[in-house]
Amino acid sequence: MVTRQIERRGVRDAAVLTAMRAIPRHEFIPERDRHRAYEDHPVPIGSDQTISQPYMVAVMTERLRLHRKSRVLEIGTGSGYQTAVLATLAAEVFTIERLPELSARARMTLTALGYDNIRYRVEDGSVGWPEAAPFDGIIVTAAAPRVPAALVAQLGDPGVLAAPIGSRGSQDLVTISRSEDGDVTTTHFRCSFVPLIGVEGFPD
Ligand code: SAH
């Protein structure tokens with residue numbers, strides 16, 4: 001999966017590649033679709049949600065430019081797979097999921113795999129986690145109509161935010177890189193995520 005789908009498409013960050021080679025992606029997928037765990041597209045995880053395509057996880061993680069001391073905010077825990085990649089690279093991960101059943105399952109999987117640097121919250125993540133801000137990296141793994149202002153406010157300096165921005169059906173991967181020179185917004189490529197449902201997302 002990593003060699004064919006990720007390295008060959010240009011992801012070079014050694015830490016990201018090593019983490020994704022080590023993490024057992026199948027553990028994050030319900031029994032029924034587990035045989036599809038390493039395929040090159042999203043896979044159903046129940047509750048009408050999907051685990052993101054491996055390549056998308058790799059690219060978004062690479063853009064965050066994490067290091068061992070980073071504190072990261074993730075919106076859309078889902079299966080917990082992206083959370084595991086973040087928690088392998090960073091010091092601490094704060095992850096928010098609106099569906100309690102998905103959050104509970106992700107937490108069980110991640111705890112069983114030994115991750116102890118993750119904090120979980122069940123809530124509308126489009127408003128972020130203000131008490132734990134600022135974050136070195138913020139990743140939104142559900143599609144939003146615009147970059148949620150609350151998340152931009154919770155980004156540190158330096159810091160990088162990555163999110164799919166667009167309509168319910170199709171988005172662009174957008175990053176905001178904050179430095180002493182200000183915020184630089186970059187639009188990367190088309191992508192397709194399940195919608196972010198919430199006050200700064202789409203209506204339910
Ligand atoms: N990173 C996850 C992606 C799961 S899909 C993975 O690869 O498994 C996106 C997730 O975002 C879904 O689980 C969905 O329930 C969740 N979500 C949607 N709107 C949300 C919101 N406002 N706050 C938190 N989570 C949200």
Side-chain angles (χ1 to χ4, degrees), residues 1 5-6 16 19-20 23-30 33-34 36-64 72-90 93-110 113 115 118-130 132 135 137-151 154 161-169 171 173 191-204:
M1 177 188 90
Q5 300 173 28
I6 297 173
V16 173
M20 290 185 68
I23 297 165
R25 184 170 159 93
H26 58 274
E27 301 275 2
F28 295 86
I29 299 180
D33 286 300
R34 201 162 268 191
R36 299 169 61 195
Y38 297 90
E39 292 177 5
D40 193 12
H41 46 73
V43 175
I45 54 170
S47 310
D48 279 337
Q49 308 302 323
T50 53
I51 180 172
S52 301
Q53 179 195 27
Y55 173 67
M56 199 56 68
V57 173
V59 170
M60 289 179 86
T61 309
E62 184 178 54
R63 307 279 170 178
L64 292 182
V72 191
L73 174 65
E74 178 191 37
I75 314 301
T77 315
S79 66
Y81 176 73
Q82 170 79 70
T83 323
V85 177
L86 299 171
T88 303
L89 302 174
V93 180
F94 297 78
T95 186
I96 312 179
E97 168 60 52
R98 66 180 277 271
L99 300 176
E101 65 275 18
L102 289 183
S103 179
R105 199 168 69 218
R107 186 180 197 140
M108 253 171 46
T109 310
L110 289 160
L113 289 171
Y115 289 96
I118 302 168
R119 291 177 59 193
Y120 305 82
R121 185 174 264 191
V122 176
E123 208 178 61
D124 172 12
S126 72
V127 297
W129 194 319
F135 300 99
I138 299 180
I139 178 170
V140 185
T141 68
R146 68 201 90 79
V147 180
L151 300 185
Q154 291 169 34
L161 180 155
I165 304 299
S167 65
R168 272 179 181 260
Q171 309 90 38
L173 176 64
C191 52
S192 180
F193 281 78
V194 298
L196 183 79
I197 309 288
V199 294
E200 294 211 45
F202 292 99
D204 203 352

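The first residue of the sequence shown is numbered 1, and numbering continues consecutively from there. A quick note: this is a predicted structure, and the numbers were derived from the prediction, not measured. All heavy atoms count here, side chains included; hydrogens, waters and symmetry mates do not. Counting convention: from 1, in listed order, for ligands and their atoms alike.
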(message) Side chain, backbone, both or neither: which applies to Val57 and ligand 1 if a contact is any heavy-atom pair less than 4.0 Å apart?
(response) neither
(request) Provide the number and element of each atom of ligand 1 under 4.0 Å from a heavy atom of Leu196. (result) 18 (C), 19 (N), 20 (C), 21 (C), 22 (N)
(request) Considering heavy atoms of the protein only, find what lies nearest to atom 7 (O) of ligand 1 and give residue, atom and distance to 0.1 Å. (result) Ser52 N, 3.0 Å
(request) Show which atoms of ligand 1 fall inside a sub-4.0 Å distance from at least one heavy-atom site of Gln82. (result) 1 (N)
(request) Any atoms of ligand 1 less than 4.0 Å from a non-hydrogen atom of Glu123? List them with their elements. (result) 23 (N), 24 (C)
(request) Work out whether the distance between some heavy atom of Thr77 and some atom of ligand 1 is less than 4.0 Å. (result) yes
(message) Any heavy-atom pair between the side chains of Ile23 and Val85 that's under 4.5 Å?
(response) yes
(message) Can you see whether Tyr81 has Arg25 sitting over its ring - NZ or CZ less than 6.0 Å from the centre and within 45° of the normal?
(response) yes
(request) Among all protein heavy atoms, pick the one closest to atom 11 (O) of ligand 1 and tell me residue, atom and distance. (result) Gly76 CA, 3.2 Å
(request) Could you check if a side-chain atom of Leu99 sits within less than 4.5 angstrom of a side-chain atom of Gln49, using non-hydrogen atoms only? (result) yes
(request) May I ask you to identify the nearest protein heavy atom to atom 18 (C) of ligand 1, giving residue, atom name and distance to one decimal place in Å? (result) Pro195 O, 3.5 Å
(request) Identify the protein heavy atom lying closest to atom 6 (C) of ligand 1, giving its residue, its atom name and the separation to 0.1 Å. (result) Ser79 OG, 3.5 Å
(message) Test of understanding: given a 4.0 Å heavy-atom threshold, classify the contact between Thr141 and ligand 1 as side chain, backbone, both, or neither.
(response) both
(message) Once you restrict to heavy atoms under 4.0 Å, what part of Ile51 touches ligand 1? Side chain, backbone, both or neither.
(response) both
(request) Compare every heavy atom of Thr88 with every heavy atom of Ala19, then report the nearest pair and how far apart it is. (result) CB-CG2, 3.8 Å
(request) For ligand 1, indicate whether the residue Leu99 contacts it via side chain, backbone, both or neither (heavy-atom separation under 4.0 Å). (result) side chain
(request) Could you tell me whether the side chain of Leu64 reaches within less than 4.5 Å of the side chain of Leu161, counting heavy atoms only? (result) no
(request) With the side chain counted from C-beta on, respond yes when Met20 and Ile6 share a heavy-atom pair under 4.5 Å apart, and no when they do not. (result) yes
(message) Tell me whether ligand 1 is touched by Glu200 - counting only heavy atoms on the residue side and a distance under 4.0 Å.
(response) no
(message) Only heavy atoms of Gly78, strictly under 4.0 Å: list the atoms of ligand 1 that pass.
(response) 4 (C), 8 (O), 13 (O)
(message) Working note: Ser126 + Glu200, criterion side chain to side chain donor-acceptor pair (under 3.5 Å); need CA distance, chi angles, decisive distance, verdict.
(response) CA-CA 5 Å; Ser126 72; Glu200 294 211 45; 5.8 Å; no
(request) For atom 23 (N) of ligand 1, find the nearest protein heavy atom and state the residue, atom name and distance (0.1 Å precision). (result) Gly125 N, 2.7 Å
(request) Quick one: look up the protein heavy atom nearest atom 15 (O) of ligand 1 and list residue, atom name and how far away it is. (result) Glu97 OE2, 2.6 Å
(message) Can you give me the closest heavy-atom contact between Phe28 and Ala84, atom names plus distance?
(response) CZ-CB, 3.8 Å
(request) Answer whether the closest heavy-atom distance between the side chains of Met60 and Ile139 falls below 4.5 Å. (result) yes
(request) Output the list of atoms in ligand 1 that are nearer than 4.0 Å to some heavy atom of Glu74, sorted by atom number. (result) 1 (N)
(request) Starting from atom 17 (N) of ligand 1, locate the nearest protein heavy atom and write down its residue, its atom name and how far away it is, to 0.1 Å. (result) Arg98 CG, 3.9 Å
(message) For atom 19 (N) of ligand 1, what is the closest protein heavy atom, and at what distance to 0.1 Å?
(response) Ile197 N, 2.9 Å
(request) Carefully, step by step, assess Phe135 and Trp129 under the rule side chain to side chain contact (heavy atoms under 4.5 Å, CB included). (result) CA-CA 10 Å; Phe135 300 99; Trp129 194 319; 4.1 Å; yes
(message) Are the side chains of Ser52 and Pro42 in contact, using a 4.5 Å heavy-atom criterion?
(response) no
(message) Only heavy atoms of Val194, strictly under 4.0 Å: list the atoms of ligand 1 that pass.
(response) 5 (S), 9 (C)
(message) Applying side chain to side chain donor-acceptor pair (under 3.5 Å) to Ser47 and Glu101, what does each step give before you reach the verdict?
(response) CA-CA 8 Å; Ser47 310; Glu101 65 275 18; 2.9 Å; yes
